[in-house]
Amino acid sequence: MQFINAEGDYERTRTQKYLKPEHIHKIIETLEAYENRERYSRIVSIDEIKENNWVLNPALYFINVELDTEFGKVVFNKKKYESEAKNLVRIGEIAEVIRGVNLPSRRQIENPDGELFPVIQIRDIENGEIQFEKIEKLPIQTRDIQRVTAQPGDILVSSRGTQQKIAIVPEYDGTILVSNMFIIIRLHSDQEINPSYIKRFLESPVGQYFFEAHQSGSIATVLTPNDIKSIELPLLPIEQQNEMIRQLEDADELIRKAYEERKKKYFDAYQKIGIGAFIRQIAE
């Protein structure tokens, strides 16, 4: 089977993307040539497709994949990662991976039958934190409440949509369920693996690659528990995990301080030109 990665070949207007004649010609010419071309065309065996669980996302089959990240465009070398990264393990080997509980229909909400539970939904996570005060109670019917109850240390990964949300469940009082908008990663041991290490890995360009490679659906993208289970990450000693987390937290603190200093300078400038008196910041 031939895969062609033409996702970068288009023109765009304000509202849509479209193929120009030269883009169409390039695709046709590549199909007719039926050959491998770096980062554009690859001939793949049926056995390799089987190894990828019959998923036909082209990102799985190109060695070098270009990604748009918060650091700009980067190229991820999948083959080099799989052959040279040390101590790779699949998430399914170190954690139980669970889809959250199904949400009730509108009719069930209007005519509730059963106990009401607070349920974490997509809107309840902001900037990687669960907003407990916003969580809505819903009538939930399930045979295993404990399995879909948010437990401290659980890593919640949004299972659908274009904007990836990841959060770690902190200590809290009571019982709060996780909706099927999320996949729960429940580590077998938090003594050997820091949940923050998993979260930081999934937020990295490598984690982003795995999300993009496994997502299915052209309108609303979806991740499954099996997609999460198959993600491979380097399992470092806990001391190295914690050092990586501290380093990234320090980098985040630099950004936060720079943002505050930038904001201060802007408002100082507004005062100097006489408009500062008419602007009031709202506490976040």
Calculate, to the nearest 0.5 Å, the distance between atoms [atom1] and [atom2] belonging to [X] and [Y] respectively.
X: E96; Y: K229; atom1: CD; atom2: NZ; answer: 8.5 Å
X: F210; Y: L202; atom1: CZ; atom2: CG; answer: 10.0 Å
X: Q208; Y: T69; atom1: CD; atom2: OG1; answer: 6.0 Å
X: I91; Y: I231; atom1: CD1; atom2: CD1; answer: 4.5 Å
X: L223; Y: S158; atom1: CG; atom2: OG; answer: 7.5 Å
X: E212; Y: Y209; atom1: CD; atom2: OH; answer: 10.0 Å

Does the distance from a Lys or Arg side-chain N to an Asp or Glu carboxylate O, for [X] and [Y], drop under 4.0 Å?
X: E136; Y: R123; answer: yes
X: R42; Y: E35; answer: no
X: E48; Y: K50; answer: no
X: K134; Y: E126; answer: yes
X: K78; Y: E82; answer: yes
X: K265; Y: E261; answer: yes
X: R256; Y: D252; answer: no

Has the side chain of [X] got a donor or acceptor atom that lies under 3.5 Å from a matching backbone atom of [Y]?
X: N77; Y: K79; result: yes
X: R186; Y: I155; result: no
X: R90; Y: E232; result: no
X: N111; Y: Q108; result: no
X: K165; Y: I122; result: yes

I need the minimum non-hydrogen distance between [X] and [Y], along with the two atoms involved.
X: D124; Y: V119; result: OD2-O, 3.5 Å
X: P225; Y: V97; result: O-CG1, 3.6 Å
X: P104; Y: I109; result: CG-CG1, 3.7 Å
X: P234; Y: L88; result: N-CD2, 3.6 Å
X: R99; Y: N180; result: NH1-O, 3.7 Å
X: I183; Y: I228; result: CD1-CG1, 3.8 Å

So do [Y] and [X] actually touch side chain to side chain, heavy atoms under 4.5 Å?
X: I130; Y: P170; answer: yes
X: T149; Y: F117; answer: no
X: I49; Y: M1; answer: yes
X: F182; Y: I120; answer: yes
X: D154; Y: I185; answer: no
X: Y18; Y: H23; answer: no
X: L177; Y: P118; answer: no
X: I166; Y: L156; answer: no

Answer yes if [X] and [Y] sit in the same cluster of Ile, Leu, Val, Met, Phe, Trp and Tyr residues linked by side chain heavy atoms under 4.5 Å apart, and no otherwise.
X: I145; Y: M181; value: yes
X: V44; Y: W54; value: yes
X: V101; Y: V222; value: no
X: Y197; Y: I168; value: yes
X: L138; Y: L116; value: no

Next item on the list: Name the orientation class of the two ring planes belonging to F201 and Y81 (parallel below 30°, tilted from 30 to 60°, perpendicular beyond 60°).
Entry: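 Ring orientation of F201 relative to Y81: parallel.
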Taking atom [atom1] as the centre, does [X] end up with more than 12 heavy-atom neighbours from other residues, nucleotides or ligands that are less than 6.0 angstrom away?
X: H188; atom1: NE2; answer: yes
X: D250; atom1: CG; answer: yes
X: E171; atom1: CD; answer: no
X: Y172; atom1: OH; answer: yes

Note to self: Run the side-chain hydrogen bond (donor to acceptor under 3.5 Å, both in side chains) test against E32 and tell me which residues pass, sequence neighbours left out.
What the structure shows: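 E32 satisfies side-chain hydrogen bond (donor to acceptor under 3.5 Å, both in side chains) with no other residue.
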Check: For Q247, which residues count as a side-chain hydrogen bond (donor to acceptor under 3.5 Å, both in side chains) partner, sequence neighbours excluded?
Finding: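 So Q247 forms no side-chain hydrogen bond (donor to acceptor under 3.5 Å, both in side chains) with any residue.
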Expected list for residues 238-245: side-chain donor-acceptor pairs under 3.5 angstrom, two or more places apart:
residue: Q241; atom: OE1; partner: N194; partner atom: N; Å: 2.9
residue: Q241; atom: NE2; partner: E192; partner atom: O; Å: 3.1
residue: Q241; atom: NE2; partner: L236; partner atom: O; Å: 2.7
residue: N242; atom: OD1; partner: N194; partner atom: ND2; Å: 2.9
residue: N242; atom: ND2; partner: I238; partner atom: O; Å: 3.3
residue: E243; atom: OE1; partner: R246; partner atom: NH2; Å: 3.0

Note to self: Pair Y40, I27 - check side chain to side chain contact (heavy atoms under 4.5 Å, CB included), show working.
What the structure shows: CA-CA 10 Å; Y40 191 77; I27 294 170; 3.5 Å; yes
Next item on the list: Apply side chain to side chain contact (heavy atoms under 4.5 Å, CB included) to the pair I94 and L233, showing each step before the final yes or no.
Entry: CA-CA 11 Å; I94 59 174; L233 77 163; 4.2 Å; yes
Item checked: Q121 side chain to S179 side chain, donor-acceptor N/O pair below 3.5 angstrom ->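 No, no side-chain donor-acceptor pair sits under 3.5 Å.
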Note to self: Less than 3.5 Å apart, any donor N or O on the side chain of Q2 or S41 sitting next to an acceptor on the other?
What the structure shows: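 Note: Q2 and S41 side chains meet the donor-acceptor criterion.
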Item checked: Derivation and outcome, side chain to side chain contact (heavy atoms under 4.5 Å, CB included), residues F3 and I43 -> CA-CA 6 Å; F3 287 88; I43 311 302; over 6 Å; no
Item checked: Derivation of the side chain to side chain contact (heavy atoms under 4.5 Å, CB included) call for Q151 and V169 -> CA-CA 6 Å; Q151 299 181 14; V169 178; over 6 Å; no
Item checked: Result of checking K264, K272, Q271 against D268 for side chain to side chain donor-acceptor pair (under 3.5 Å) ->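 Filter result, single survivor: K264.
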